[in-house]
Amino acid sequence: MTRLSVEMLAADTVEPITSAGHAQLGIAVLAGIAVIVLLITTFKMHAFLALTIGSLALGAFAGAPLDKVIESFSAGLGDTVAGVGVLIALGAILGKLLADSGGADQIVDTILAKAGKSGGKAMPWAMVLIAAVIGLPLFFEVGIVLLIPVVLMVAKRGNYSLMRIGIPALAGLSVMHGLIPPHPGPLVAIQAVDANLGLTLALGILVAIPTVIIAGPVFSKYAAKWVDVPAPEKMIPARASDELERRPSFGAAVATILLPVVMMLSKAVVDVIVDNPDATVQRVFDVVGNPMIALLVAVVVAMFTLGRPAGFTKGKVLSTTEKSLGPIAGVLLIVGAGGGFKGTLVDSGVGEMIMEISKDWGLPTLLLAWLIAVVIRVATGSATVATVSAAGLVAPLAANMSDTHTALLVLAIGAGSLFFSHVNDAGFWLVKEYFGLSVGQTVKTWSLMETIISVVAGALVLLLSLVI
């Protein structure tokens with residue numbers, strides 16, 4: 001049996017792999033999620049293994065035949081990796097080229113030089129801008145490792161409050177990670193609910209701007225008062241460009257990063273203006289704005305605009321590409337297993353159950369999606385796990401939605417996936433150690449910042465759903 005599509009499930013044309021009633025299915029979902037949470041938090045098991053075992057547990061509790069559960073999980077995993085695996089790999093290559101060529105440092109240095117002329121007042125805003133631009137092609141953890149040294153150096157050399165500089169940078173990175181494709185979480189959610197990527201990207205940017213302002217420069221004023229710590233000198237490593245004789249220009253670096261974004265947004269604009277799938281111009285932009293084509297073009301362009309100015313030989317470009325792919329293996333496996341978990345959820349008939357229960361609750365679909373993502377995020381500590389799991393649960397609800405509201409559904413899930421990072425989240429410990437904070441100080445700054453992002457972004461998504 002092949003994995004059910006959202007449309008088939010919504011139309012109730014194919015029987016699920018189990019005949020369990022709603023009560024048993026509800027218990028099965030809770031048991032499956034509980035198994036995942038327990039394995040990740042108590043037994044410190046890798047999320048890939050936890051999601052795999054949790055999917056099998058879900059099927060077992062739902063009374064489904066094990067062979068059918070395995071088929072559903074395998075199909076879901078395969079579909080997810082096929083849909084987003086190449087995009088994640090291309091994004092990793094682009095990010096590695098940006099970092100190793102010194103392009104990221106060039107962007108950082110240029111913006112900081114401009115911001116420094118304001119006497120430091122513009123520095124928090126500059127850090128948001130840097131994090132947002134650098135964070136577009138980079139995974140969150142990579143962005144932290146790349147930006148934290150800059151934050152520490154700026155705070156020390158300019159005698160700025162560490163929190164006043166650091167919180168805006170972290171907010172910029174986190175918002176990009178949770179709301180803006182081509183990051184793994186939003187990509188998986190887009191695929192799960194069959195949303196329009198260009199429209200999701202455009203609305204994501206619209207939601208991201210006020211969100212990052214509130215959670216970044218505004219909140220950092222209070223965070224700096226609550227937690228006043230110096231920049232730990234031992235955590236300031238050498239930058240990539242310190243070993244390079246030359247590096248790309250600011251314009252070339254920024255243009256390369258924004259190229260795939262412009263290409264994907266162009267498709268969304270043409271879709272709205274032309275609105276004729278058979279028109280030649282729309283078919284051309286369907287190719288140009290395809291996320292795989294956009295990122296592939298950006299990677300090839302980056303080899304010349306970033307690699308060549310940095311003096312990279314062909315061998316150096318090859319080694320940089322190879323080094324970029326190793327660290328994403330874990331991400332791909334987690335995302336794939338999340339897709340397998342989603343496939344098991346859908347094929348077990350959980351989608352129909354969620355659709356019927358949601359009618360009784362009377363909750364707006366977007367709010368329900370946000371709440372589900374919040375619960376899974378707080379329980380597992382993983383924004384990616386929260387996104388892929390919540391997307392699987394609410395995907396059937398998107399069957400009759402407009403393109404705009406389907407895109408907003410993705411953003412609601414992404415917003416919920418960022419809620420209150422705490423001790424079960426790797427990002428929590430990265431921030432704590434790099435900034436030299438105690439657990440309590442990290443909660444008062446980083447954890448609260450994440451919660452603000454989640455709540456503000458979720459509220460903005462709901463408001464947008466009322467007007468568009």
> Should Leu448 and Phe219 be marked as a side-chain contact (heavy atoms from CB on, under 4.5 Å) after you check the CA-CA gap, both sets of side-chain angles, and the distance that decides it?
Replying inline: CA-CA 9 Å; Leu448 188 52; Phe219 173 64; 3.7 Å; yes
Do [X] and [Y] come close enough that some side-chain heavy atom pair is under 4.5 Å?
{"X": "Thr404", "Y": "Leu464", "result": "no"}
{"X": "Leu25", "Y": "Phe61", "result": "no"}
{"X": "Thr320", "Y": "Phe312", "result": "yes"}
{"X": "Met45", "Y": "Ile40", "result": "no"}
{"X": "Ile17", "Y": "Ser348", "result": "yes"}
{"X": "Met449", "Y": "Trp446", "result": "yes"}
{"X": "Leu460", "Y": "Leu411", "result": "no"}
{"X": "Val261", "Y": "Leu201", "result": "yes"}

Quick check for you: to the nearest 0.5 Å, what is the distance between [X] atom [atom1] and [Y] atom [atom2]?
{"X": "Ile190", "Y": "Thr200", "atom1": "CD1", "atom2": "OG1", "answer": "4.0 Å"}
{"X": "Thr344", "Y": "Ile70", "atom1": "OG1", "atom2": "CD1", "answer": "10.0 Å"}
{"X": "Leu409", "Y": "Leu368", "atom1": "CG", "atom2": "CG", "answer": "9.0 Å"}
{"X": "Asp109", "Y": "Asp105", "atom1": "CG", "atom2": "CG", "answer": "6.0 Å"}
{"X": "Leu371", "Y": "Leu363", "atom1": "CG", "atom2": "CG", "answer": "6.5 Å"}
{"X": "Ile88", "Y": "Leu187", "atom1": "CD1", "atom2": "CG", "answer": "7.0 Å"}

> After noting the C-alpha distance and the side-chain angles of Asp100 and Arg247, does the key distance pass the salt bridge (Lys or Arg N to Asp or Glu O under 4.0 Å) rule?
Replying inline: CA-CA 10 Å; Asp100 286 5; Arg247 59 190 187 184; over 6 Å; no
Does any pair with a residue in [range] pass salt bridge (Lys or Arg N to Asp or Glu O under 4.0 Å), and if so which ones, sequence neighbours excluded?
{"range": "residues 291-320", "answer": "none"}
{"range": "residues 284-299", "answer": "Lys267-Asp286"}
{"range": "residues 319-330", "answer": "none"}

[X]: what forms a side-chain hydrogen bond (donor to acceptor under 3.5 Å, both in side chains) with it, not counting sequence neighbours?
{"X": "Thr305", "answer": "Thr256"}
{"X": "Ser417", "answer": "Thr387"}
{"X": "Thr384", "answer": "none"}

Closest approach of [X] and [Y], non-hydrogen atoms and distance?
{"X": "Ile257", "Y": "Ile107", "value": "CD1-CD1, 3.6 Å"}
{"X": "Val175", "Y": "Ala208", "value": "CG1-CB, 3.4 Å"}
{"X": "Val151", "Y": "Met127", "value": "CG2-CE, 3.5 Å"}
{"X": "Leu203", "Y": "Ala407", "value": "CD1-CB, 3.9 Å"}
{"X": "Pro291", "Y": "Leu197", "value": "CG-CD1, 3.7 Å"}
{"X": "Gly103", "Y": "Ala253", "value": "O-CB, 3.8 Å"}

Side-chain ([X]) to main-chain ([Y]) donor-acceptor, under 3.5 angstrom:
{"X": "His405", "Y": "Ile468", "value": "yes"}
{"X": "Arg377", "Y": "Gly416", "value": "no"}
{"X": "Ser101", "Y": "Gly307", "value": "no"}
{"X": "Ser324", "Y": "Thr321", "value": "yes"}
{"X": "Gln191", "Y": "Asp79", "value": "yes"}

Partners meeting side-chain contact (heavy atoms from CB on, under 4.5 Å) with [X] (sequence neighbours left out):
{"X": "Ala457", "result": "Leu179, Val207, Thr211, Ala415"}
{"X": "Pro217", "result": "Pro124, Trp125, Val128, Pro168"}
{"X": "Ala390", "result": "Ile372, Ala373, Ile413"}
{"X": "Val374", "result": "Trp370, Val378, Phe419, Ser454"}

> Given the rule in the side-chain contact (heavy atoms from CB on, under 4.5 Å) test, do Leu325 and Lys96 qualify, once you have shown the distances and angles that lead to the verdict?
Replying inline: CA-CA 9 Å; Leu325 296 177; Lys96 186 68 170 173; over 6 Å; no
Throw together a table of side-chain donor-acceptor distances under 3.5 angstrom for residues 46-57, partners on residues two or more places apart or in other chains.
unit_1, atom_1, unit_2, atom_2, d
His46, ND1, Phe48, N, 3.0
Thr52, OG1, Phe48, O, 2.8
Ser55, OG, Leu51, O, 2.8

> Can you list the residues that meet the salt bridge (charged side-chain N to carboxylate O under 4.0 Å, His left out) rule with Asp403, with sequence neighbours excluded?
Replying inline: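 Residues passing salt bridge (charged side-chain N to carboxylate O under 4.0 Å, His left out) with Asp403: none at all.
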>> For Ser174 and Glu450: C-alpha separation, side-chain torsions, deciding distance, then whether side-chain hydrogen bond (donor to acceptor under 3.5 Å, both in side chains) applies.
In response: CA-CA 8 Å; Ser174 187; Glu450 287 283 85; 2.4 Å; yes
>> Please determine whether side-chain contact (heavy atoms from CB on, under 4.5 Å) holds for the pair Val29 and Leu393, giving the CA-CA distance in whole Å, both sets of side-chain angles, and the decisive distance to 0.1 Å.
In response: CA-CA 9 Å; Val29 171; Leu393 284 167; 4.2 Å; yes
>> Show, in sequence, the C-alpha distance, side-chain angles and deciding distance for Val86 and Val81, and conclude whether the side-chain contact (heavy atoms from CB on, under 4.5 Å) test is met.
In response: CA-CA 8 Å; Val86 174; Val81 173; over 6 Å; no
